[in-house]
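Some notes on the structure that comes next.
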Protein chains: 2
Amino acid sequence: MTFSEENYLKTIFHLTAFSDQEVSTNAIAEMMATKASSVTDMLKKLAEKDLVHYKKYQGVSLTANGRLLAKMIVRKHRLWEVFLVEKLDFPWDEVHDIAEQLEHIKSEKLINKLDNFLGNPTEDPHGDPIPDAYGKIIKTEKLLLSELGFNQSGICVGVKDSSKEFLKYLDKNQIALGTQIEILTKEDFDFSLKIKVDEKEVTISNKIANNLFVKLV
Amino acid sequence: MTFSEENYLKTIFHLTAFSDQEVSTNAIAEMMATKASSVTDMLKKLAEKDLVHYKKYQGVSLTANGRLLAKMIVRKHRLWEVFLVEKLDFPWDEVHDIAEQLEHIKSEKLINKLDNFLGNPTEDPHGDPIPDAYGKIIKTEKLLLSELGFNQSGICVGVKDSSKEFLKYLDKNQIALGTQIEILTKEDFDFSLKIKVDEKEVTISNKIANNLFVKLV
DNA sequence: ATAATTTTTTAGCTTTGTCTAAAAAGCGTC
DNA sequence: GACGCTTTTTAGACAAAGCTAAAAAATTAT
Ligand SMILES: [Mn+2]
Ligand SMILES: [Mn+2]
Ligand SMILES: [Mn+2]
Ligand SMILES: [Mn+2]
């Protein structure tokens, strides 16, 4: 498998993760910042290798085999992210780009040894689950901060948007995984929230609250 | 820089490491298991980028810039080998192939953090020197086991041939870096040696003695 | 039901890195 | 200095992965 094939599989996996529907050529093209015609070419190749179900004009989905391979790439990506943060002390907003490269290193033994070295983590630095060596993913219950009501408290367990910009915003406001957040007030006009973080009051927009996963405490 | 360009630079670096002469198209082709015509194509491209000095029919050598880049690739390769052996507990005969992939990961910050994480090692698991972040290489004095005389003792500090086969042979005979070896007798007919390793006597061929680096004790 | 619009595919071209076969250059021998 | 062998380069082809522009299919609107 080439890097490119792996990247397509991973993209299709992410796009079908929650909807579980067929995914469109254009959706793939947009997410990969490429052209629809290039996507069509690749889908034919992946179909040829039995990694996707593909019928002209009818969207695409992963085969069992394709899904497993995609999960293995996600596994590698997230384990390397843990390594970079836990062992090399990288900030959580810098690891994704490097993991995009490391996820293509081919060696099952390597990734399983890395997994052990890291203590078999179940989540990456952004709170996303790490598939095990068989592709099994343990999904933990989590809801968006925006779904909490007044006076409810949650512990931050993940981010929905894991862009550099958002992660840096959270750093600036001293919000990290494990931080406890209490909802103080909700503004009806723009749905902005006043929250309590570490004894400090902070006002955050609806967009922020919609991208932070919490677990009720 | 592409993987392919990096591999060519690295090969030219290794071929010119000791001789310091121009290297031939055929020598590169042979070491990379490719064809001379492919090498010629790549040399033109590298010359265009000012990474090699190249004149038709007259061999090739690295420019200062090309040499520095080559050293950075070697640095990455050897640091990753240390990581694999020291942290992930890989046997020394399995790390080269994986390092061939890891050496192409692009991130200066990553490699410098890895260097620190490993305690800034100066040598890789095969006794080869690791260039520092500026490309500086500290060469330590070492001689071949075959150069020792009767009753002389040396500590094994490196291997000249680092093929799987040779490394496994050494494992089988309990010879590792740091092992002390004493020359007991030399056979005039085939230059085979009787040596003492860990209180045990072992007979080794001239070929073995010619591929083991030692430091006199 | 037809027309307009959007989506997807096809056709044809480009770049990178490889190959084979043939031509050109360099070198050792007489 | 010519001949023959070896090395190197060139010419031309191919596969992978991308692109643009045009055609075809699907979808939406009238
Ligand atoms: Mn990531
Ligand atoms: Mn992540
Ligand atoms: Mn190596
Ligand atoms: Mn090595």
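Judged by the 6.0 Å and 45° rule, B:Lys186 forms no cation-pi pair with B:Phe191. Under the 6.0 Å distance and 45° angle rule, A:Lys87 counts as a cation-pi partner of A:Phe117. In this structure, B:Lys106 fails the cation-pi test against B:Phe3, since its NZ or CZ atom is not both closer than 6.0 Å to the six-membered ring centre and inside 45 degrees of the ring normal.
Using modelled atom types, one finds no donor on one side chain facing an acceptor on the other under 3.5 Å when comparing A:Thr63 with A:Asp50. Under the 3.5 Å distance criterion, with hydrogens and angles disregarded, no donor-acceptor pair is assigned to the side chains of B:His96 and B:His126. Residues B:His77 and B:Asp124 bring no donor and acceptor atom of their side chains to less than 3.5 Å of each other.
Here the P atom of nucleotide D:dA16 and the CE atom of A:Met42 are 10 Å apart, to the nearest Å. One can place CG of A:Asn26 at 13 Å from P of D:dT27, the figure rounded to the nearest angstrom. Atom OH of A:Tyr8 is separated from atom P of D:dA16 by 14 Å (rounded to the nearest Å). A:Met32 has its CE atom 7 Å from the P atom of D:dG18, to the nearest Å. Atom CG of B:Leu43 is separated from atom P of D:dT10 by 11 Å (rounded to the nearest Å). Look at NZ on A:Lys55: it is 12 Å from P on D:dA26, rounded to the nearest Å. Summarising the geometry, the separation between CD on A:Glu48 and P on D:dA16 is reported as 11 Å, rounded to the nearest angstrom. Separating the NE2 atom of A:His104 from the C1' atom of D:dA17 is a distance of 14 Å, rounded to the nearest angstrom.
Looking at heavy-atom distances under 4.0 Å, B:Ser38 makes contact with a base. The residue B:Thr40 sits close to a base: some heavy atom pair falls under 4.0 Å. Residue-level contact check: B:Tyr54 touches the backbone only, with heavy atoms under 4.0 Å from sugar-phosphate atoms and none from bases.
Protein chain A contacts DNA chain C from C:dT7 to C:dT10, reading 5' to 3' and using non-hydrogen atoms of the protein with a distance under 4.0 Å.
A salt bridge does not link B:Glu22 with B:Lys55: every distance from a Lys NZ or Arg NE/NH1/NH2 to an Asp or Glu carboxylate oxygen is 4.0 Å or more. Salt bridge A:Lys109/B:Glu94: present, at least one basic N to carboxylate O contact under 4.0 Å.
Phosphate proximity of D:dC19 to A:Thr34: present, with a side-chain N or O under 4.0 Å from OP1 or OP2. An OP1 or OP2 oxygen of D:dA17 is reached within less than 4.0 angstrom by a side-chain nitrogen or oxygen of A:Lys45. In this model, the phosphate group of D:dT10 is approached by a side-chain N or O of B:Lys44 to a distance below 4.0 Å at OP1 or OP2. Here A:Lys35 reaches the OP1 or OP2 of D:dT20: one of its side-chain N or O atoms lies under 4.0 Å away.
When the local axes at the two ends of the helix from C:dA1-D:dT30 to C:dC30-D:dG1 are compared, using 5 base pairs at each end, they differ in direction by 10° after rounding to 10°.
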Task: Stepwise side-chain hydrogen bond (donor to acceptor under 3.5 Å, both in side chains) check, B:Ser24 with B:Asn26 - done: CA-CA 5 Å; B:Ser24 75; B:Asn26 263 1; over 6 Å; no
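Under the 30°/60° scheme for interplanar angles, the aromatic rings of B:Tyr169 and B:Phe166 are found to lie parallel.
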